[in-house]
Amino acid sequence: MAATHPFRDELIATASTIGTPGKGILAADESTGTIGKRFANINVENNAENRRAYRELLVTTEGLEEHISGVILFDETARDTVSDGRTMIECLTSRGIVAGIKVDKGPRNVFSGIEGETVTQGLDNLDVRAAEYYAMGCRFAKWRAVLKIDVASGAPSALAIHENAVTLARYAQICQQNGLAPIVEPEILMDGTHDLATAVAVNVKVQAAVIEALHEHNVLLEGCILKPNMVVPGQDCPTRASPQDIAKATITTLRRTIPPALPSINFLSGGLSEEQATVYLNEMNKLPGRPWTVAFSYGRALQKSVLEAWSGSADNVPAAQAALLERAKANGLATLGQYESDGTVAEDSSLFESNYVY
Ligand code: 13P
C-alpha cells in the first residue's frame, strides 16, 4: 500500500504560501565556505559574528514580507539569534515569512558517471535532521542536485540524470514525512558551449526524470516546490539569446514536463546578473500558459548589491537593507510580469562562476 502523508494539509499550505503571486524566496543558505567567498569579495573576515551580523541584516529588513514568502537558511543561521535575542527563525515567521533549511551536504563525485559529474550527499540521518528542523520552526527544505551539459563527452549521462532524480525524490519523500515541504532543485549549470535548443532538450530530459522519480517515491506534488535553472545557451556558446527567447525556451521546457499539481516554480539565478535574473523572470510572466506560480529563489541575484552596500560595517546596514528591498521588490513585480527594466541587461555584469559550488 502506498505510504500516507501525515502532514498532507500543512505541506500543501506551506507550498501554496511560498507560491503566493508577487513573492518569492531569498536563498540565504550559503555554506560557511561559500559565504566566505562572498565576504572575501568585500574584504570581510569569514567569522561567526560577521556571518551572524550579515544574516541578521537580511532577516530583519523591514517590509521584506511584502515581496519575500520564504527564506532558506544554513544550519548555523537556523540556530542563531539576532541582537534582541529572538531566533532568526522567529524574526521570519513572526512576519509570515516561511523559514526553510538547506539539508543537502553538497555534490560529490561518488559514482561512475562521466568525468566531473556528481551526486548530492546528505540522505543519511535526514529523517532525524528534518524532524529537528521542523521542531525548530522550519517548514520547508532545500536540496541542490547539480548536472552539467558537455556535448563532447555526452554529459549529462543517463546515470547522472537517474541517480540525481532518485536522490532528489528520496530527499523529498523523507522531508514530507517529517512536515517539511521540499524544494526540489535539479540545477543544470550554465557552463558549456551548447546552444539554446540543446539546453531545451537536456532540460526536458532532466525535468521529466525528476518528476517520474517523485511519482515513484510517492511524493505529494501539491506539497512540493521546483527550483530549476532558467534555460539558457551555454556560457561559451557563440550565439547569445534574447530575454524573450530565454523566457520562451524555459516556459516551453516546463510546460512539457511539470504537472499543474505542483504549485510553484522558483528559479535559481545560477550566475545570471541581478538584472538578467529579474528581466528573464518578468518575460516569462508575460507569456500565456503558466499553470504554476513562476517566481524566484535567488541567492546571488538578490544579494550581490546587498553585500556591496554592507561591506561589513554596521553603519551601512540601512543602505544594505534598502538594496535588498529594491531587488526583492523588482523580482516580486517580475513574478507578475510588471517589472519595468531600465534597459541595462546586456551591459550588466554576470555573476557566473565556472562549476559553481553553493
Ligand atoms: P543562486 O541564485 O546564487 O544560483 O543560488 C540559489 C541557490 O539556492 C542554489 O542552490
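Indexing begins at 1, ligand by ligand and atom by atom, following the structure's order.
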Aromatic plane relationship, F39 with Y54 - under 30° parallel, 30 to 60° tilted, over 60° perpendicular: perpendicular

Sub-4.0 Å atoms of ligand 1 with respect to non-hydrogen atoms of Y298: 2 (O)

Where ligand 1 meets R300 - atom numbers and elements under 4.0 angstrom, heavy-atom basis: 1 (P), 2 (O), 3 (O), 4 (O)

Region of A27 that comes within reach of ligand 1 [heavy atoms, distance under 4.0 Å]: side chain

N or O contact, A301 vs ligand 1, cut-off under 3.5 Å: no

Which of the ligand 1 atoms, numbered from 1, are nearer than 4.0 Å to a heavy atom of S269: 1 (P), 2 (O), 3 (O), 4 (O)

Ligand 1 contacted by K142 (non-hydrogen, < 4.0 Å): yes

Side chain, backbone, both or neither: the part of R144 lying under 4.0 Å from ligand 1 by heavy atom: side chain

Where ligand 1 meets S297 - atom numbers and elements under 4.0 angstrom, heavy-atom basis: 6 (C)

Interatomic distance, L92 atom CG to I68 atom CD1 [nearest 0.5 angstrom]: 10.5 Å

NZ/NE/NH1/NH2 to OD/OE distance under 4.0 Å, D84 and R86: yes

Distance-only N or O hit between ligand 1 and E187, under 3.5 Å: no

K227 to ligand 1, any heavy atom closer than 4.0 Å: yes

Electrostatic pair E132-R129, nearest N-O below 4.0 angstrom: no

Lys/Arg N to Asp/Glu carboxylate O, K142 vs D29, below 4.0 Å: yes

Side-chain donor/acceptor pairs under 3.5 Å, residues 198-214, sequence neighbours excluded:
residue : atom : partner : partner atom : Å
T198    : OG1  : D195    : OD1          : 2.6
N203    : OD1  : N229    : ND2          : 3.0
N203    : ND2  : A199    : O            : 2.7

Whether G270 lies under 4.0 Å from ligand 1, heavy atom: yes

Derivation and outcome, ring-ring contact (aromatic ring centres under 6.0 Å, His included), residues F267 and Y280: CA-CA 10 Å; F267 290 100; Y280 297 173; over 10 Å; no

hydrophobic_cluster_shared for L126 and V119, side chain cutoff 4.5 Å: no

